[in-house]
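Encoded as structure tokens, the structure appears first; notes follow it.
Throughout, numbering of the chain's residues begins at 1 and tracks the sequence. Worth saying up front: this structure is predicted, and the values here are computed from it rather than measured. These numbers come from the heavy atoms of this one structure, side chains and all, not from hydrogens, waters or symmetry mates.
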Amino acid sequence: MTAFTVALVLVVAAAGLLRWRRPAWYWLAFGVTLAALRVLVRYRSVMDACGLTVPPERWRLALARATHRPIPEPRPPRIRRLRPTRTGLVLRLKLRPGQDVFDIAAASDRLRHSFSMFGVTSREVRSGVVEVRMTGYDVLKRVQMPAETETRAMRVPVALREDGSVHYRDYRAIPHALTLGATESGKSVYQRNLVAGLAPLDVALVGIDCKQGVELFPLARRFSALADSPDTAAELLAALVVRMADVYRLIRTQQSITVDVPDAEIAADIWDLPDELRPTPVVVLVDEVAELALYATKEEERRRDRIITALVRLAQLGRAAGIYLEICGQRFGSELGKGITMLRAQLTGRTAHRLNDETSANMAFGDIAPDAVLAAIQIPADLRGLAIAGDASGGWHRIRAPHTSLRQAVNLCNRYADRTPDLPELAPFRPTTGTATELVPSAKASPATA
């Protein structure tokens, strides 16, 4: 056996081991080159087999007949760019006349089989240009976030999408969101990732945790206000409504619209105000919304009406005042009482982990993306953390947040405790914490998402 043969056997064995144990390393070392060659070699035949070609123009046919040349073959979309990524390939195509972006989307599963890729998704970049993202392996099985992500004000990375891109929570684009998930579905881990992403930012965190604070109170050093019961939550939400009115009065006094004021300086929300006058934005996390809507007595019913009314007001009017809602729950349906569907209508972002009933899935996606309802109720129980994320545009993605333990989230909140702002309106609800806790090294994170 020659040295070349031995080296070849070792390389093949290493590739097989990497593909089994470390698919991301295998992709970067071997898979990306093999996949790019496979796509370029098979491209024309695959597009023809998938019905993504168009007949040649009439003048080409006439010219071929006149010159006794072979009839031109059908033409596939033209490849503008082929770019490798850490999880797959990105193919940018220029469509031929008569083709549509829905043709590419409808053929995604056939392209996945033909190119031997794990997944294929597509989106329209602009008229006539489609971006096809192909993943080389199951990126959601062992979530590994990129080392560098695009972060800016009120925009944090929280999960990984099935096409390998990062899923961001952008509060300025989608002010309010609804997150649903049954017990042990990964909803709490998603919430921890959200808090961990917001902790380094100049933002006030407000929490409502009616499970006696077991989810959010360990993170209290980074929260400006916390409530652990429906009674306290009602008072806290009323204080937020008062703060919202004060912020609007500040914006009104700063408008002073005259002919000398440039258009860009006319204030309509807090982001139009000068930095020295801009109030601190507030993110309100409600851990279990059903506990706020349930009641057993007349007094609890009146409290419930105050809570839901305050939430609806904040959802309708809070964006311009820099108040953003994150509503979480295991169950969300019309049986929670009046005002619930009105509240849902204001929650643009929707995320659903594994759900126990179709009604909650319909409440999450039935009005924006009916196709996502079936995907949400088909999430297997052994894939904790897998979720469906959508918005009012109708698009949806499968996402999975990286595993973040409670200790890791506590350490981050303690590290950035000095960024916790003191808001006068919420001072009575500021959690009392002792001296700073020493950061405890976290145990090695499990590859599975809890």
Side-chain angles (χ1 to χ4, degrees), residues 176-195 198 204-241 243 282-315 318 323-344 346-347 351-353 355-357 360 363-364 406 409-410 413 425-426 428-433:
H176 313 299
L178 173 66
T179 303
L180 300 177
T183 303
E184 295 295 323
S185 65
K187 177 169 55 69
S188 297
V189 172
Y190 177 85
Q191 193 177 57
R192 288 177 205 156
N193 278 276
L194 193 59
V195 174
L198 291 170
L205 299 180
V206 174
I208 298 176
D209 183 3
C210 290
K211 292 189 290 188
Q212 297 299 314
V214 296
E215 292 287 349
L216 297 181
F217 271 73
L219 316 174
R221 291 186 58 81
R222 187 55 185 88
F223 275 76
S224 298
L226 280 170
D228 62 353
S229 67
D231 291 327
T232 312
E235 299 174 4
L236 175 55
L237 292 171
L240 285 170
V241 172
R243 174 180 171 81
V282 179
V283 175
V284 183
L285 293 101
V286 180
D287 183 64
E288 191 54 70
V289 66
E291 285 297 318
L292 301 178
L294 296 177
Y295 63 90
T297 64
K298 286 293 184 180
E299 182 180 354
E300 291 180 352
E301 183 181 8
R302 288 191 291 269
R303 181 197 63 199
R304 178 249 179 224
D305 291 341
R306 293 197 306 271
I307 290 174
I308 299 301
T309 301
L311 285 174
V312 171
R313 283 179 175 171
L314 292 172
I323 299 177
Y324 308 101
L325 297 182
E326 284 286 341
I327 307 296
C328 304
Q330 299 181 31
R331 181 78 174 88
F332 197 84
S334 56
E335 70 276 3
L336 294 180
K338 59 181 181 180
I340 288 297
T341 53
M342 185 186 300
L343 175 62
R344 182 196 65 163
Q346 305 297 328
L347 305 177
T351 303
H353 296 75
L355 297 169
N356 291 331
D357 61 302
S360 293
M363 286 293 285
L406 184 57
V410 168
C413 289
E425 303 90 346
L426 306 181
F429 309 97
R430 182 71 183 263
T432 56
T433 55

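Remark: side-chain polar atoms of D209 are paired, donor with acceptor, to backbone N or O of V214 under 3.5 angstrom. Formation of a donor-acceptor pair under 3.5 Å by the R313 side chain with backbone atoms of V241 is not found in this model. In terms of modelled atom types and a separation under 3.5 Å, the side chain of E288 and the main chain of Q330 share a donor-acceptor contact. The main-chain N or O of E326 is never found under 3.5 Å from a side-chain atom of H176 such that the two would form a donor-acceptor pair. No donor-acceptor pair closer than 3.5 Å links the side chain of T232 to the backbone N or O of D228.
In terms of heavy-atom proximity, G339 sits nearest to V312 at O-CG2, 3.9 Å. Residues P218 and V410 come closest through the heavy atom pair O-CG2, 3.6 Å. Summarising the geometry of V289 relative to R331, their closest heavy-atom pair is CG1-O, 4.4 Å, with the distance given to 0.1 Å. Between S360 and L355, the shortest heavy-atom distance links the atoms C-CD1, 3.9 Å. Counting all heavy atoms, side chain and backbone alike, R303 lies closest to P230 at CZ-CB, 3.4 Å. Closest of all the heavy-atom pairs between A234 and R306 is CB-NH2, 4.4 Å.
To the nearest 0.5 Å, the span separating CG on D305 from CD on E300 amounts to 12.0 Å. Taking SG of C328 as the reference point, atom CD of Q191 lies at 4.5 Å (rounded to 0.5 Å). Going from atom NZ of K187 over to atom CD of E184 covers 10.5 Å, rounded to the nearest 0.5 Å. In this structure, CD on E291 lies 10.5 Å from CG on L336, to the nearest 0.5 angstrom. Put simply, CZ on R243 and CD1 on I323 are 6.5 Å apart, with the number rounded to the nearest 0.5 Å. Atom CG of L347 is separated from atom CE of M342 by 12.5 Å, given to the nearest 0.5 angstrom.
Screening L237, V282, L343 against L314 for a side chain to side chain contact (heavy atoms under 4.5 Å, CB included) leaves a single residue, L237.
At a threshold of 4.5 Å between non-hydrogen side-chain atoms, the residues L180 and T351 do not count as touching. Inter-residue side-chain proximity for V195 and F223 is flagged as met; some heavy-atom pair is nearer than 4.5 Å. Proximity of L325 to Q346: side-chain heavy atoms (C-beta onward) are nowhere separated by under 4.5 Å. Two residues are said to be in side-chain contact when any heavy atoms from C-beta on lie closer than 4.5 Å; L219 and L205 fail this criterion. Side-chain contact between I327 and L311 is present, with heavy atoms from C-beta onward closer than 4.5 Å. Between H353 and T179 there is a side-chain heavy-atom pair separated by less than 4.5 Å.
Atom OH of Y295 is surrounded by 12 or fewer heavy atoms from other residues, nucleotides or ligands within 6.0 Å. For K338, the NZ atom sits in a loose shell: 12 or fewer heavy atoms of surrounding residues, nucleotides or ligands are nearer than 6.0 Å.
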Next item on the list: Show your working on side-chain contact (heavy atoms from CB on, under 4.5 Å) between L194 and L285 and close with a plain yes or no.
Entry: CA-CA 10 Å; L194 193 59; L285 293 101; 4.3 Å; yes
Next item on the list: Given side-chain contact (heavy atoms from CB on, under 4.5 Å), test I340 with M363 step by step and report yes or no.
Entry: CA-CA 10 Å; I340 288 297; M363 286 293 285; 4.2 Å; yes
Notebook entry, point to check: Passes side-chain contact (heavy atoms from CB on, under 4.5 Å), L426 versus L240? Steps please.
Noted result: CA-CA 8 Å; L426 306 181; L240 285 170; 3.9 Å; yes
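Residues satisfying the ring pair (Phe, Tyr, Trp, His ring centres under 6.0 Å) test with F332, not counting sequence neighbours, are none.
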